[in-house]
Amino acid sequence: MRNKLLIISPLEEERAAIKEILSPDKWTALEAANSGEALSVVKSEGEGVTAVIFAVAADEIDFFTFAKDAARYAASAKIPAMVIADKDSVELKRMAFDFGICDVMIKPIAADILRQRIKNITDASRSREALGNIIRLQKREFHRYKQPILDGLRSMMEYNNLESGRHIKRMQLFTQTLLEEVVRRYPEYGIDDNHILMIAEAASLHDIGKSAVPETILNKPGPLTAQEFDIMKTHAQQGYEILENLNKNAENCDRLFMRYAMDICLYHHERWDGRGYPKGLTGDTIPIHAQTVGLVDCYDALTNDRIYRKAISHGDACTMIIDGKCGAFSPRLLACFKNVKNTFLELSEAYSDNPSAASTAEPPVYGLRPAVKREMAQEAKLFDDRGCDNGAASNFIGVNRYLDDANLTLIYTGCGFFDLFKYTKEEIASRFHNHYLEMIYPPDRQRLLSS
């Protein structure tokens with residue numbers, strides 16, 4: 001465990017006094033007379049420094065000139081720090097907290113209180129670090145256990161002709177695109193990037209409940225009778241119950257992901273004016289993620305062939321949705337949809353159920369290019385070092401499919417790929433936009449592509 005304390009003061013006697021006060025707690029004291037020395041000590045010690053104490057004069061100008069660089073570095077390195085000042089000053093405290101300082105003490109100092117407050121900030125820091133490690137472990141375990149469950153559910157849907165693989169992909173990409181616009185325009189919904197990716201993945205399960213609907217109804221080429229439509233509408237509740245049972249019985253399910261997936265199953269046919277089903281909810285009592293998937297599902301159903309009718313054009317589909325012909329949607333959601341409808345067209349064409357009929361063909365899909373596979377296994381570097389074993393060529397078997405486009409956009413990656421690069425699926429999407437080339441150190445990219 002780290003047990004080193006850095007004391008920063010221009011006065012040697014002050015450093016000695018603080019060191020003496022803390023000696024009963026068996027700290028290894030490191031000293032620095034100024035910010036430059038402090039930076040050198042912290043950088044040379046790496047993760048060995050547990051906490052930093054700045055002893056400064058009364059005013060904020062002194063703190064700014066004396067300590068700003070070291071304080072900022074300590075905050076960025078997640079090293080807890082405190083300030084001991086000669087006199088109380090609101091501006092000094094404000095500036096210190098802006099720089100990431102955890103605590104401010106005013107002289108005279110009571111020895112026992114100083115020791116306790118140092119213990120408090122270091123304990124809090126260690127707790128945050130431990131919690132972060134637990135969350136990272138749980139996240140890794142979740143992805144390990146979640147993916148087989150999702151793959152199994154999706155495979156069941158495809159096997160039973162409930163959804164095509166391309167429909168599932170479109171639902172994910174449409175949902176992500178629309179939600180990103182919702183978050184950009186209306187941050188009050190409180191959805192962050194990680195939630196967007198989670199919701200987009202959950203969207204692929206929106207019609208899992210159709211597995212409980214008779215095939216004679218699902219595959220009927222003509223209009224449904226009122227009785228048949230009532231049976232069809234049960235798929236929303238059935239999907240919710242399937243996932244609810246899975247959520248109760250699967251030990252390693254991510255509860256937030258399952259909450260999103262259950263909401264989407266149950267509420268994606270609800271409408272803004274209360275004329276949807278199964279609950280007849282109105283307005284924002286319908287979760288925004290379910291509202292989003294509901295609009296996305298309408299667009300995809302309109303622009304692709306169904307057993308009971310042919311697809312209509314992108315423009316006609318947009319007009320129907322905006323004019324309320326598919327039920328009423330939130331005015332906010334429609335405003336966002338108008339802003340991204342051109343992106344919907346591009347995605348619809350790229351992932352069409354009938355690529356030969358699309359006006360823009362999807363780029364060919366391949367496995368990893370031999371030259372990239374060979375070279376990356378030997379030499380290419382990532383942007384930052386996350387423990388990647390660049391010699392583990394066999395792990396590249398995990399890269400199964402990508403688009404032969406300008407960025408080598410990843411379509412499907414196996415577990416070996418994640419194990420090799422130490423990024424989760426969500427991190428690859430958010431940080432590298434699923435672009436394989438963005439993961440390669442820039443000077444290496446052109447060489448790899450031309451080899």
Side-chain angles (χ1 to χ4, degrees), residues 153 156-157 160-163 167-168 170-172 174-175 178-179 182 189 199-200 202-247 257-304 306-309 311-312 317-334 336-337:
L153 290 171
M156 180 190 76
M157 292 166 73
N160 290 322
N161 295 316
L162 300 177
E163 309 290 1
H167 169 71
I168 289 171
R170 288 193 304 271
M171 288 296 296
Q172 290 177 314
F174 289 154
T175 300
L178 185 52
L179 267 182
V182 169
Y189 280 116
I199 293 165
S204 64
L205 301 177
H206 70 291
D207 274 344
I208 189 70
K210 285 184 178 178
S211 60
V213 175
E215 287 188 26
T216 53
I217 294 177
L218 290 174
N219 298 325
K220 184 177 179 179
L224 299 179
T225 66
Q227 184 180 10
E228 288 170 335
F229 186 56
D230 284 342
I231 294 171
M232 175 65 86
K233 288 193 293 186
T234 64
H235 81 274
Q237 182 69 40
Q238 296 278 9
Y240 174 85
E241 290 174 4
I242 288 170
L243 295 180
E244 185 182 39
N245 288 333
L246 182 62
N247 191 39
F257 171 83
M258 295 303 290
R259 180 75 262 163
Y260 282 139
M262 289 189 291
D263 283 350
I264 287 167
C265 280
L266 187 59
Y267 300 128
H268 71 282
H269 284 291
E270 299 287 356
R271 291 297 178 261
W272 187 254
D273 59 1
R275 299 174 70 180
Y277 65 85
K279 305 291 185 183
L281 301 182
T282 61
D284 276 326
T285 59
I286 310 164
I288 186 60
H289 43 281
Q291 292 183 49
T292 302
V293 175
L295 189 153
V296 162
D297 190 37
C298 280
Y299 175 85
D300 194 72
L302 291 169
T303 54
N304 288 276
R306 291 293 183 262
I307 196 164
Y308 49 89
R309 58 151 180 78
I312 65 174
C318 292
T319 299
M320 287 185 68
I321 290 170
I322 293 166
D323 289 349
K325 300 293 178 61
C326 303
F329 290 103
S330 156
R332 286 182 166 190
L333 198 60
L334 289 174
C336 293
F337 175 62

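One-based numbering along the sequence shown. Note that the structure is a prediction, hence the values are computed from the model and not measured.
- Ring-plane geometry between F174 and Y299 is classed as perpendicular, the angle between the planes exceeding 60 degrees on a 0 to 90 degree scale with a lower cut at 30.
- One finds the CD atom of Q238 at 7.5 Å from the OG atom of S211 (value rounded to the nearest 0.5 Å).
- Inter-residue side-chain proximity for E228 and T225 is flagged as met; some heavy-atom pair is nearer than 4.5 Å.
- When all heavy atoms are compared, the tightest approach of I264 to A202 is CD1-CB, 4.0 Å.
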**Asked** Could you walk me through whether H167 and N304 pass the side-chain hydrogen bond (donor to acceptor under 3.5 Å, both in side chains) check?
**Response** CA-CA 9 Å; H167 169 71; N304 288 276; over 6 Å; no
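- Shortest non-hydrogen contact noted between C265 and L205 is SG-O, 3.1 Å.
- Side-chain atoms of K220 come within 3.5 Å of backbone N or O of P223 as a donor-acceptor pair.
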**Request:** For the pair Q227 and I217, evaluate side-chain contact (heavy atoms from CB on, under 4.5 Å) and give the outcome as yes or no after the intermediate values.
**Result:** CA-CA 10 Å; Q227 184 180 10; I217 294 177; over 6 Å; no
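- Residues satisfying the salt bridge (Lys or Arg N to Asp or Glu O under 4.0 Å) test with E241, not counting sequence neighbours, are none.
- When only modelled atom types and interatomic distance are considered, H268 and D207 share a side-chain donor-acceptor pair under 3.5 Å.
- The closest donor-acceptor contact from the side chain of R271 to the backbone of C326 lies under 3.5 Å.
- Between A203 and T175, the shortest heavy-atom distance links the atoms CB-OG1, 3.5 Å.
- Using modelled atom types, one side-chain atom of E270 and one backbone atom of L281 make a donor-acceptor pair closer than 3.5 Å.
- In this structure, the separation between CG on D273 and OG on S330 is 12.0 Å, given to the nearest 0.5 Å.
- Taking 4.0 Å as the cut-off between side-chain N and carboxylate O, R306 and D300 count as a salt-bridged pair.
- Taking a 6.0 Å sphere around CZ of R275, one finds it holds 12 or fewer heavy atoms contributed by other residues, nucleotides or ligands.
- One finds the CD1 atom of I231 at 8.0 Å from the OG1 atom of T216 (value rounded to the nearest 0.5 Å).
- Across I286 and W272, no two heavy atoms sit closer than the pair CD1-N, 4.1 Å.
- K233 is not listed as a side-chain neighbour of V213, based on a closest heavy-atom distance of 4.5 Å or more.
- Judged purely by atom type and a 3.5 angstrom limit, D297 has no side-chain atom pairing as donor or acceptor with the backbone of V293.
- No close placement of the H289 and H206 rings is indicated, their centers lying 6.0 Å or farther apart.
- Taken from CZ in F337 to CD1 in I321, the straight-line distance is 4.0 Å, to the nearest 0.5 Å.
- Of all heavy-atom pairs between Q291 and L333, the closest is O-CD2, 3.4 Å.
- In terms of heavy-atom proximity, M232 sits nearest to L218 at CE-CD2, 3.8 Å.
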